[in-house]
Amino acid sequence: MKNIQITTAIIAMIIAIGSIPELKGQDLTGKQIIDKVYNRPTGDDQTSDLTMTLINKSGAQRIRKIKQFTMDLGAVEKSIMFFLSPADVKNTSFMNWTYDTDQGDDQWIYLPALKKTKRISSDSKSDYFMGSDFTYDDLGDRKLEDDTHKLLREETIDGKECYVVESISIDEDYMYSKTLVWVDKSNFIGVKKEFYDEDEDLLKVLAIKEIEKISGIWVIKNSEMKNVQKNHRTTIVLSNIQINTGMSASKFSERMMMRGL
Amino acid sequence: MRDKMRTKGFILILLLIASQYTMAQNPDISGFARSYEGVLLKTGNFGIVQQTLNLNFEKRGGKVAFKANPMVFLYNADSLDVRMRELYMDMYFDNFDIRIGKQQVVWGKADGVFITDIVSPLNLTEFLLPDFDEIRTGVIATKVNYYLGNSTLEAIWIPVFTPTEKPPQGSIWYIQPDFPAPPTWDFSREQITPSLESSELFLKYTALTSAIDFEFMGAYTWDDNPTLHVQKEFELDPNSQQPVLTGLYITPEHHRLAIAGGSFSSEIKGVILRGEAAYYNGKYFLTEDPLEADGNIQKNYLHYLVGLDFNLGAVKVSSQFIQQTILNYDNYIQNEQTENTMTFLARYDMFRETLHLELFSYIGLSNSDALIRPKITYDFDDSFSILLGSNIFVGDEGGRFGQYHDNSMIYTKIKYSF
């Protein structure tokens with residue numbers, strides 16, 4: 001069984017750097033810019049199909065498919081994922097509860113072969129998700145206070161005027177020495193992000209390739225994370241995205257994990 | 001042998017026809033094909049040559065679902081074993097679900113140890129070596145789950161008793177019992193006739209919360225292992241005129257057990273703490289007490305575990321301590337009063353999760369013996385894996401693991417999943 005221990009729903013992360021608050025930035029600090037990126041409307045609930053493609057340096061591909069559901073219940077955001085492929089993880093499900101407070105995430109995994117729902121540790125932020133180039137931390141909800149944020153400059157990339165903000169973790173043991181994010185000034189979408197390793201060398205680059213407004217919410221449909229040191233990359237494509245469908249909170253339960261889709 | 005093969009071949013053809021038919025109904029079909037070969041280190045002989053086809057047929061709707069899970073094992077070149085691991089139907093209602101048919105039920109928080117996990121008996125024909133998802137036997141049961149928010153009340157009724165499956169004579173896993181006199185076996189009381197009176201009942205309450213997950217369970221069941229009732233036969237020694245034990249008349253019989261227990265798991269600063277315990281009321285144990293006419297005595301019994309799961313860097317580690325204790329013990333009982341065991345698991349994934357290193361061990365603390373199971377798995381493709389592993393039995397030959405010291409082996413498993 002592959003390592004399918006994961007953090008919060010991928011869609012939450014993607015939208016976290018892809019929202020469009022109404023405010024336009026004027027003399028904003030780095031922290032204010034990131035705050036606007038993080039705190040954006042995501043809808044009350046979301047459903048989508050996720051296709052993750054792992055591409056190695058020779059171009060060979062491995063594909064993972066997931067059906068995911070996310071719901072904002074106020075103080076807690078709940079998500080559940082059902083793994084569709086590859087075959088050996090099919091019908092495995094994963095549930096995550098993320099809290100607004102400092103409380104750590106609660107995570108469970110249901111392994112259909114073992115017929116068992118197991119609570120798993122959320123202390124695996126630096127592990128890579130299903131062998132991809134995304135760590136669990138990359139995919140999770142990072143809190144504003146976890147880093148110090150500094151506006152470095154303004155820059156135009158792909159015709160978009162962007163703020164370039166540097167974020168450095170308060171935690172000295174954090175896996176990245178720093179990250180740089182390019183935030184589109186017109187809509188506060190993070191369109192590019194660079195991750196630097198402990199030696200302050202560039203490790204990975206996240207590029208946003210396609211966004212779409214669905215039910216009034218901007219969603220990043222296509223993104224790519226490239227490891228520039230090892231020259232492999234991972235793409236994430238979302239499809240069949242539905243927002244604010246009136247999902248029931250009972251979907252986020254052991255019953256549904258075991259029953260599956 | 002040829003007739004047996006023909007019958008099983010016929011079953012196989014029926015399975016294939018059924019699969020064709022069910023394909024026409026558009027069920028979801030998944031499973032794996034696996035080739036498993038193991039060589040005994042001591043002799044160089046093959047300890048196992050097994051080809052397996054596992055098929056899952058599933059069809060799920062909003063209100064109903066069904067699953068059939070036939071498994072076909074081909075041992076050596078000509079020994080076919082066809083098993084229906086599961087065959088059940090589900091009905092879904094607003095607040096409860098019903099599952100009817102042959103099913104495997106897994107309870108508790110322990111890994112590789114069976115404490116409150118007593119609904120589905122074990123298939124021990126290859127000791128504890130099968131994967132944990134294959135070691136349980138399905139039971140014919142009706143299961144009702146009633147849901148209250150994030151908690152569940154589960155009731156199971158089993159009308160047909162299924163015992164633990166033991167290694168047959170001739171198997172490398174069969175241990176010849178050591179009797180002081182020649183035994184005569186009487187199996188007339190071993191079978192349990194299915195009836196309402198002989199049914200088994202299980203009840204469990206489960207809660208899954210942000211702070212802790214826990215379960216409480218109770219069962220009115222049969223002991224999956226038969227009690228060996230022993231009548232001793234004596235003759236007078238013509239020389240000494242003293243009675244001499246000349247034979248044993250052994251009657252295996254399953255007895256009722258009432259069991260209560262529970263389990264929990266919780267995360268504390270990134271470490272998962274797990275616990276599980278079961279109390280057995282009136283379990284039979286073999287005794288040498290001359291006052292016990294048939295060589296057995298009933299004692300209450302406690303079986304519990306505590307375990308931790310944590311990360312050491314990129315290595316995932318899990319360890320459990322297990323204790324079995326006979327309460328109100330007396331020295332005539334053949335089992336030790338207390339038996340302590342540990343398990344240890346370390347796992348490390350490499351190369352974008354295509355290479356997996358794992359070490360799992362049972363460690364018998366009471367007998368200073370162990371089963372050590374290192375393995376390395378390479379995912380040649382997402383659907384194709386190659387495993388090289390070893391089962392090493394070490395320690396006291398009187399211990400649960402050390403007794404198999406001749407069965408240490410290296411093995412490969414090549415698996416195609418679909």
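Just the heavy atoms: all of them, side chains too, but no hydrogens, waters or symmetry mates, feed the values below. Within every chain, numbering begins at 1; the chains are lettered A, B, ... in the order of the sequence lines, protein sequences first and strands thereafter. Owing to the predicted nature of the structure, the values given are computational and were not obtained by experimental measurement.
Open room surrounds CD on Glu198(A); 12 or fewer heavy atoms of other groups in view lie less than 6.0 Å from it. Other residues, nucleotides and ligands place more than 12 heavy atoms under 6.0 Å from the CZ atom of Phe93(B). Crowding of Lys65(A) atom NZ: a count of heavy atoms from other residues, nucleotides or ligands under 6.0 Å not exceeding 12. For Lys143(A), the NZ atom counts as densely surrounded, since its 6.0 Å shell holds more than 12 non-hydrogen atoms of other residues, nucleotides or ligands. For Gln61(A), the CD atom counts as densely surrounded, since its 6.0 Å shell holds more than 12 non-hydrogen atoms of other residues, nucleotides or ligands. More than 12 heavy atoms of other shown residues, nucleotides or ligands fall within 6.0 angstrom of atom CZ in Phe73(B). Annotation: Asp102(A), atom CG; neighbour count of heavy atoms from other residues, nucleotides and ligands within 6.0 Å does not exceed 12.
Residue Asn95(B) touches chain A through its backbone alone, counting heavy-atom pairs closer than 4.5 Å. Of the two parts of Asn145(B), neither the backbone nor the side chain holds a non-hydrogen atom closer than 4.5 Å to a non-hydrogen atom of chain A. With a 4.5 Å cut-off on non-hydrogen atoms, Asp94(B) touches chain A through its backbone but not through its side chain. Proximity to chain A is limited to the backbone of Ser266(B), based on heavy atoms less than 4.5 angstrom apart. Looking at Leu273(B), neither its backbone nor its side chain comes within 4.5 Å of chain A, counting heavy atoms on both sides. Within the 4.5 angstrom heavy-atom criterion, no atom of Gln103(B) approaches chain A. Residue Ser85(A) does not touch chain B at all, counting heavy-atom pairs closer than 4.5 Å. Contact annotation for Asn91(A): only side-chain heavy atoms (C-beta onward) come within less than 4.5 Å of a heavy atom of chain B. Within the 4.5 angstrom heavy-atom criterion, only side-chain atoms of Tyr99(A), from C-beta onward, approach chain B. Using a 4.5 Å cut-off between heavy atoms, Glu134(B) does not touch chain A at all. Contact annotation for Phe96(B): only backbone heavy atoms (N, CA, C, O) come within less than 4.5 Å of a heavy atom of chain A. In this structure, chain A has a heavy atom under 4.5 Å from the backbone of Ala211(B), while its side chain stays farther away.
Between Asp213(B) and Trp108(A), some side-chain heavy-atom pair lies under the 4.5 Å cut-off. Side-chain atoms of Arg62(A) and Asp379(B), non-hydrogen and from C-beta on, never get closer than 4.5 Å to each other. No side-chain heavy atom of Glu267(B) sits less than 4.5 Å from a side-chain heavy atom of Ile120(A). At least one side-chain heavy atom of Arg352(B) sits less than 4.5 Å from a side-chain heavy atom of Thr234(A). Residues Ser250(A) and Tyr147(B) have side chains not in contact (no heavy-atom distance under 4.5 Å, counting atoms from C-beta outward).
Asn150(B) and Ser253(A) make their closest contact through OD1-CB, 4.0 Å (heavy atoms, listed as atom of the first residue, atom of the second, distance). Nearest approach of Ser417(B) to Asp88(A), heavy atoms of both residues: OG-CB, 4.0 Å. Nearest heavy atoms, Val106(B) versus Leu114(A): CG2-O, 3.4 Å.
Of the residues considered (Ser210(B), Gly270(B), Ser265(B), Gly31(B)), Ser210(B) shows the highest number of contacts with chain A, using heavy-atom pairs under 4.5 Å. Across Phe418(B), Phe132(B), Tyr92(B), Phe351(B), the residue that shares the most heavy-atom pairs under 4.5 angstrom with chain A is Tyr92(B). Heavy-atom pairs under 4.5 Å with chain B peak, among Gln103(A), Lys230(A), Lys118(A), Lys115(A), at Lys115(A).
Put simply, the side chain of Ser121(A) never gets that close to the backbone of Phe310(B): no donor and acceptor are under 3.5 Å apart.
Asp28(B) CG to Leu84(A) CG: the interatomic distance, rounded to the nearest 0.5 Å, is 10.0 Å. Rounded to the nearest 0.5 angstrom, Asp127(A) CG and Asp349(B) CG are separated by 8.5 Å.
Within residues 254-261 of chain A, the residues having any heavy atom closer than 4.5 Å to a heavy atom of chain B are Glu254(A), Arg255(A), Arg259(A), Gly260(A), Leu261(A), listed by residue number.
Salt bridge Arg119(A)/Asp309(B): absent, no basic N to carboxylate O contact under 4.0 Å.
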